[in-house]
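Report on the structure given below.
Order of the sequence lines sets the chain letters (A, B, ...), proteins ahead of strands, with each chain counted from 1.
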Amino acid sequence: MTDKPDKKMSRAQKKEMEYEENRQHWLAEEQKVYELWERAYNPGGQAQNDRLAKQGKKPPRQLIRQLIDPGTEFFELSRGAGFGIGYEGVEDVPSAGLVTGIGKIHGNWVMMLANDSRVSAGAYYPISCKKHLRAQEVAERCGLNFVYIADSAGAYLPLQDRIFPGRNQFGHFFYNMTRMSAKGLKQYTLSTGGNTAGGAYIVYLACESIMIEGMSYSFLGGPPMVKSAIGETVSMEDLGGAKVHTQISGGADHFVKSQDEGIEKLRELLAFDPKQTLYIDRRKPAEPKVSSDHLYQVLPKETARGINVREVLAAIADDSYFSEYKRNYNPGRGDNIVCGKIFLKGIPVGVIASNNNGVIFVDSARKAIEWVIRCSTMKIPLLYIQNSPGYMVGTAEEYAGIGKYGSGMVRAVACTEVPRVQWIIGPDHGAANFGMSGRTFDPLFIFATMRARTSVMSGETAGFILTSLERVNRKKRGEEMDEEAAKKFQQMMIDKYNREAHPFYMESRLFNDGTLPLKDCRDALALAFEVALLQPVRESKFGNFKF
Amino acid sequence: MSVNIVAPLPGTVSEILVHVGDVVKTDEELIILEAMKMENPICAPRNGVVKELLVSSGDKVDAYQVLIALE
């Protein structure tokens, strides 16, 4: 009898030790996030900063901080875009050469984009186009006004075939500007450098644009091209400077003498907008009851280890309160997805969260479908917490209709009109990526954490399958694969998959909207839902479910 | 009333975290089951005392096989 408390103690101690190990692990992992941000903030190091200062220009993030309301934060998207992207001769395009994000101006949320002329003079690589278009997409879907701080050399010429001719490329910026403007979303441009050829449209297409004397230039062809085409000799300032376009051509609307003055002018233009409305009944926010490092403790350092997602919810929900739907439904299978409601800084949010090992069974899939429909009827937004390696395999589940119910999850997620945000805190593989609102299902935002791993299958599974295939292929060629060769090949495949599934790899290619430290996730999710609810939630219509 | 805790999916018992007689709380991890290339914690559905351990570390188990009886 006396030894029982000791055993109990040792289990509690074991848990405590595990929590501490997790915490240390995630804190160390997140150092890499801060290092990535540092590389994004200072591309080209001091030399580029000095060059910028010499031109009398401030770095883009500094201009944005000056533009937003004092005392508020700029919520930057996709800082890690373009790192390790590996174009011919260009390994990194820091932050894809432009800054995008959301901030408040006169109390209203606004999307902002600023070219970073420290990265290849602000030239657009394919990934820069993707990032520019992504910001426009978010703005259009949320109904946000858009501010462009433009300073770009235009298309990065060696890669023109991947920047110019396609649908989701350079020209689509201007298509979007005009369509958004037609919808009543203001498009304002402050030109702080060269905007040449097609790039000049960012000035002319803006509802109102600002040019800076001696700093902004816009022309369809620059002086060298004019010289070669028609033999005319002209300076940049006389061809397309601030004075030319505000006094003669009328292509730009406001003349200022410095970046500071330009930023003030932007604030002035945005001062006349009506105050935005939040289309949901927001309660008074409350802090979670658990400690601020709770997430760091409860998320296992091994990605392949099951989680208790209710502990995760406790770390993000107001008062750590979670109202769970079907709490007792078939535990171990039915609760591999946990559904319910939380308040997130006062905003009611429906939750669909992977639990345990995250493997989706028929029971969990059915519950998730029910919950998507419930939330669509209630018109509350949906948070998908992704930690799922896939759907359950084997005859038992196939016969029970796992494919049918998996496709039901896909139909539900694709057709619901409530705003959706995905938060990845673990494995994110296969069809579970679809049913849990991955990138191909257009959630408004996807935020990753250092525990996220996104790929068609896990590294371990891929290693096994690809090695079996390789063995068969070699056999066809009459070659034997010995154990050592098989092991080596398998490890190669595992490494490849693990590298490509990493959240930084995803962020670099805009497959998520940013990898966030765990401690910042509650704030980010709350902000995302607030921005998502600036327009009324529409009625949802679902097609033909199979039951 | 005793309750049987079963394997939710077929797999291998990789770790047993409790002993017979242990007092456990709701959601406390009892067994780690390796399946689908994942480590799956099997947790207590309610407060109770471990009455019987029916598997050992390394055992292969079927879906719905009883792992632990909880009282």
Run Ile32(B) and Arg305(A) through side chain to side chain contact (heavy atoms under 4.5 Å, CB included) and show every step you take. CA-CA 9 Å; Ile32(B) 305 294; Arg305(A) 179 103 183 195; 3.0 Å; yes
Salt bridge check, Glu28(B) against Lys15(A): does any charged N sit closer than 4.0 Å to a carboxylate O?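 No, no charged N to carboxylate O under 4.0 Å.
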Regarding Glu29(B) and Lys14(A), does a basic nitrogen lie under 4.0 Å from an acidic carboxylate oxygen? no
Within the supplied structure, the quantity of interest is the number of heavy atoms (other residues, nucleotides, ligands) at a distance under 6.0 Å from Glu16(A) CD; does it exceed 12? no
Options Val6(B), Asp27(B), Ile42(B), Ile5(B), ranked by heavy-atom pairs under 4.5 Å with chain A, top entry: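 Ranked by heavy-atom pairs under 4.5 Å with chain A, first place is Asp27(B).
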Which portion of Leu33(B) sits near chain A, non-hydrogen atoms under 4.5 angstrom: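 Neither part.
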Shortest non-hydrogen contact between Ala304(A) and Lys37(B), atoms and distance: CB-O, 3.8 Å
Taking every non-hydrogen pair under 4.5 Å, which of Met392(A), Glu460(A), Glu397(A) racks up the most with chain B? Met392(A)
Give the member of Ala396(A), Gly306(A), Gly358(A) that has the highest number of heavy-atom pairs under 4.5 Å with chain B.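 Counting heavy-atom pairs under 4.5 Å, the top option is Gly306(A).
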The single option from Pro427(A), Ser388(A), Ser458(A) that satisfies side chain to side chain contact (heavy atoms under 4.5 Å, CB included) with Met38(B) is Pro427(A)
Any side-chain heavy atom of Val393(A) within less than 4.5 Å of one from Met36(B)?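 Yes, their side chains come closer than 4.5 Å.
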Leu9(B) side, atom CG; Asn336(A) side, atom CG - distance, nearest 0.5 Å: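 These two atoms lie 8.0 Å from each other.
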Rounded to the nearest 0.5 Å, how far does CD of Glu39(B) lie from CD1 of Ile307(A)?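 Here the interatomic distance stands at 13.5 Å.
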